[in-house]
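Step one of this worksheet: look at the structure below.
Per chain, numbering begins at 1; letters A, B, ... match sequence-line order. Everything numeric in this text was worked out from a predicted model, so none of it was measured. Worth knowing before you read on, the calculation uses all heavy atoms, side chains too, and leaves out hydrogens, waters and symmetry mates.
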Amino acid sequence: MIDWIQIFSNAAQELISPTTAAYALAALGLAIHFGYTGLLNFGQAGFMALGAYGYAISVLSFNLPVWAAVLVGIGASVVFALILGIPTLRLRADYLAIVTIAAAEILRLVFTTNTFEAITGSAQGLNGYKGSFAALNPIPKGTYGFGPFQYNEYDWWLRIVGWTVVVLLALLTWLIMRSPWGRVIKGIREDEDAVRALGKNVYSYKMQSLILGGVYGTLAGMIFILPRAVVPANYQTSLTFFVYAILLLGGAATILGPIIGSMIFWVLLSFFSGFISRAVEAGWLPFMTQVQAGQLRFILVGIAIMLIVIFRPQGIFGNKKELAFVK
Amino acid sequence: MSSDVTPTSKPVKTTGLHIGEAEPGCRKVDPILIADGVTRTFGGLKAVDVDHVEIPRGAITALIGPNGAGKTTFFNLLTGFDKPDTGKWEFEGRSLAHVPAYRVARMGLIRTFQLTKALGLLSVLDNMKLGAKGQSGENLFRAVFPFIWRKQEEEIEAKAVELLTRFKLDAKQTDYAASLSGGQRKLLEMARALMSDPTLVMLDEPMAGVNPALTQSLLDHILDLKSQGMTVLFVEHDMHMVRHIADWVVVMAEGRIVAEGDPHTVMENPAVIDAYLGAHHDTDLGATETENVEAIKELIDDEQ
Ligand SMILES: Nc1ncnc2c1ncn2[C@@H]1O[C@H](COP(=O)(O)OP(=O)(O)OP(=O)(O)O)[C@@H](O)[C@H]1O
Ligand SMILES: [Mg+2]
């Protein structure tokens with residue numbers, strides 16, 4: 001028979017998993033880009049890859065301490081944002097979309113190619129960079145927790161750091177979006193010429209937004225690799241689209257949306273994958289193999305998201321009134 | 001497009017603005033804006049071809065001309081929203097060539113758009129606040145510390161509410177700008193432009209779609225701007241309004257300045273009649289031109 005307890009407890013674990021935190025942060029970055037500024041960044045996977053590789057390479061190849069490795073990743077993503085933004089932010093919105101999607105792919109291929117294998121590990125990727133992060137852990141050895149949330153000291157450390165970063169950056173985003181700076185940013189989303197006519201340097205604001213949201217993506221990339229290895233195949237364009245799905249699920253111009261959206265996304269994904277694979281085991285779905293079942297979960301999550309978007313198009317936290325106006 | 005409201009009081013007209021004959025490109029006693037040889041072509045069409053024009057300071061100048069005369073394009077060129085093929089122009093003695101639009105605005109030259117640009121998903125009040133200049137909270141680093149900008153924000157809000165009241169939009173403060181009617185958006189855009197205390201306001205058809213009762217109070221408001229020392233340049237098809245408040249009229253046709261003068265004499269200029277009716281006004285008129293004919297008839301009637 002199907003072990004429902006196991007399925008539910010696995011799904012519940014996703015609520016606070018570091019991966020959920022990483023996606024929440026990446027989606028929060030996209031909320032700044034897309035939800036608040038109206039920038040179509042389709043290269044969030046590239047920013048995440050820079051965080052992952054920037055951190056891992058700094059530690060492995062250059063023996064840098066944790067803080068320096070974090071700064072290297074942030075620096076790399078600022079440079080990446082400038083390279084993307086300088087030629088495109090003066091042009092129509094679609095140019096940024098095309099350039100970001102291509103640039104993120106180029107980054108991934110550069111990390112995958114054999115030419116730089118000594119540094120990037122090419123297709124195998126990198127691991128063995130967690131020592132210095134684990135060494136900062138103040139929690140004594142052991143297993144802690146309750147209910148489904150039983151983890152050792154490293155896993156707790158990871159979750160605490162990951163979610164602290166998410167909460168701090170969510171607060172920061174909330175602060176700046178209710179400030180005059182946020183007003184200019186939202187004005188640009190509505191009509192950048194009008195904002196220009198009022199004496200605001202639109203280009204500079206768009207650049208600030210691109211850099212800021214990109215740095216969020218980079219930090220997300222770092223949290224993402226702490227429970228696993230760095231593998232270039234993780235940074236495909238589909239990663240960006242999952243982050244967009246999370247953003248739209250939660251509400252594009254909201255602070256809580258990306259966070260709760262990420263939780264729902266991962267809990268649903270885990271629930272469906274647990275359920276389907278056990279249903280196949282139990283012979284409920286005789287026409288299906290385990291491999292096919294692994295794909296089915298994405299289809300079901302896709303349907304769930306479609307339903308939410310159809311019946312709640314503003315996202316979970318979005319303001320229904322906003323949708324009353326068709327531009 | 002005629003407002004049936006008769007002016008309550010006769011506005012005080014500023015006279016003695018020009019030097020010499022009132023002819024196209026004539027010099028002004030105290031020009032605030034001077035354009036020289038500004039041209040802009042779209043494909044083969046010469047949309048703007050202005051040899052020389054000066055806009056007088058402290059007065060209300062109307063820029064009129066038939067549809068497609070190049071008025072909006074000229075506005076775009078002057079304010080940095082479009083780049084001319086040739087020409088130079090200066091505002092308060094400073095050259096504006098190659099100055100980006102946002103810097104032009106910071107220098108005190110604020111414009112509105114013919115196709116209204118209300119920021120739909122911002123509240124009416126936020127639209128207004130965005131118009132204020134020199135906000136310290138618009139810097140990303142200072143934005144994080146509300147105590148730095150809170151006081152300035154309160155001042156800006158008070159000013160915004162005052163202007164909204166004047167434009168009869170105060171009841172709509174918290175609504176999204178997208179929920180306003182077309183005319184209300186025009187009003188909002190104009191009020192927003194005034195938030196920065198500009199020295200020169202350029203209004204592209206400010207009255208299009210605004211109801212006559214409100215038109216009157218807006219006209220008064222524009223006159224008020226003049227008495228506060230602001231210079232106003234506006235594009236308008238409503239000849240009653242032009243006659244009522246303009247101190248000076250510049251007439252454009254097919255990209256060129258064809259006539260200049262005070263509102264009463266300029267209408268008698270044959271070049272103006274030609275501009276509106278086309279050089280072929282003795283031949284059969286197409287349906288599109290009837291509106292222009294109406295406008296010019298009204299003018300001529302008004303004069304008598
Ligand atoms: N972006 C553009 N591309 C091509 N042609 C244009 C463009 N903008 C304006 N034009 C052309 O330039 C000419 C002048 O247009 P403009 O909008 O300046 O007229 P206008 O005087 O403001 O007219 P209206 O009173 O109808 O607003 C028109 O013939 C128009 O077709
Ligand atoms: Mg026009």
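- Annotation for B:A132 and A:K200: closest pair O-NZ, 2.9 Å, computed over non-hydrogen atoms.
- Contacts of A:Y205 with chain B are made by side-chain atoms alone, with heavy-atom separations under 4.5 Å and no backbone atom involved.
- Most heavy-atom pairs under 4.5 Å with chain B: of the set A:G187, A:A197, A:S204, A:G182, this distinction falls to A:A197.
- Per-residue heavy-atom pair counts under 4.5 Å with chain A were compared for B:M107, B:K129, B:Q135, B:R111, and the maximum is reached by B:K129.
- Looking at B:R142 and A:W181, their side chains never come closer than 4.5 Å, going by heavy atoms from C-beta outward.
- Here the straight-line distance linking atom CG of B:L122 with atom CZ of A:R189 works out to 7.0 Å at 0.5 Å rounding.
- With chain A as partner, the option from B:M195, B:K117, B:R106 having the largest number of non-hydrogen pairs under 4.5 angstrom is B:K117.
- Under a cut-off of 6.0 angstrom, the local environment of CZ in A:F241 is crowded, with over 12 non-hydrogen atoms contributed by other residues, nucleotides or ligands.
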| task | Would you check, one step at a time, whether the test side chain to side chain contact (heavy atoms under 4.5 Å, CB included) holds for B:F81 with A:D193? | result | CA-CA 8 Å; B:F81 279 86; A:D193 274 344; 3.7 Å; yes
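- The OH atom of B:Y102 sits 14.0 Å away from the CD atom of A:E192 when rounded to the nearest 0.5 Å.
- Across every non-hydrogen atom of B:P146 and A:L175, the tightest pair is CG-CD2, 4.0 Å.
- In this structure, no portion of A:I185 lies under 4.5 Å from any heavy atom of chain B.
- Crowding of B:K226 atom NZ: a count of heavy atoms from other residues, nucleotides or ligands under 6.0 Å exceeding 12.
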| field | side chain to side chain contact (heavy atoms under 4.5 Å, CB included) between B:L121 and A:K186, worked out | value | CA-CA 8 Å; B:L121 294 187; A:K186 288 179 248 176; over 6 Å; no
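- For A:V195, the part sitting under 4.5 Å from any heavy atom of chain B is the side chain, from C-beta outward, and nothing else.
- Most heavy-atom pairs under 4.5 Å with chain A: of the set B:L130, B:L109, B:T79, this distinction falls to B:L130.
- Other residues, nucleotides and ligands place no more than 12 heavy atoms under 6.0 Å from the CZ atom of B:F141.
- Salt bridge annotation for A:R183-B:E153: present, with a cationic side-chain nitrogen under 4.0 angstrom from a carboxylate oxygen.
- Between the CG atom in A:N201 and the CZ atom in B:R103 there is a gap of 7.0 Å [rounded to 0.5 Å].
- If you tally non-hydrogen atom pairs under 4.5 Å between each of B:G137, B:A105, B:A177 and chain A, the highest count goes to B:G137.
- For the atom pair B:F113 CZ and A:D191 CG, the distance stands at 7.0 Å (nearest 0.5 Å).
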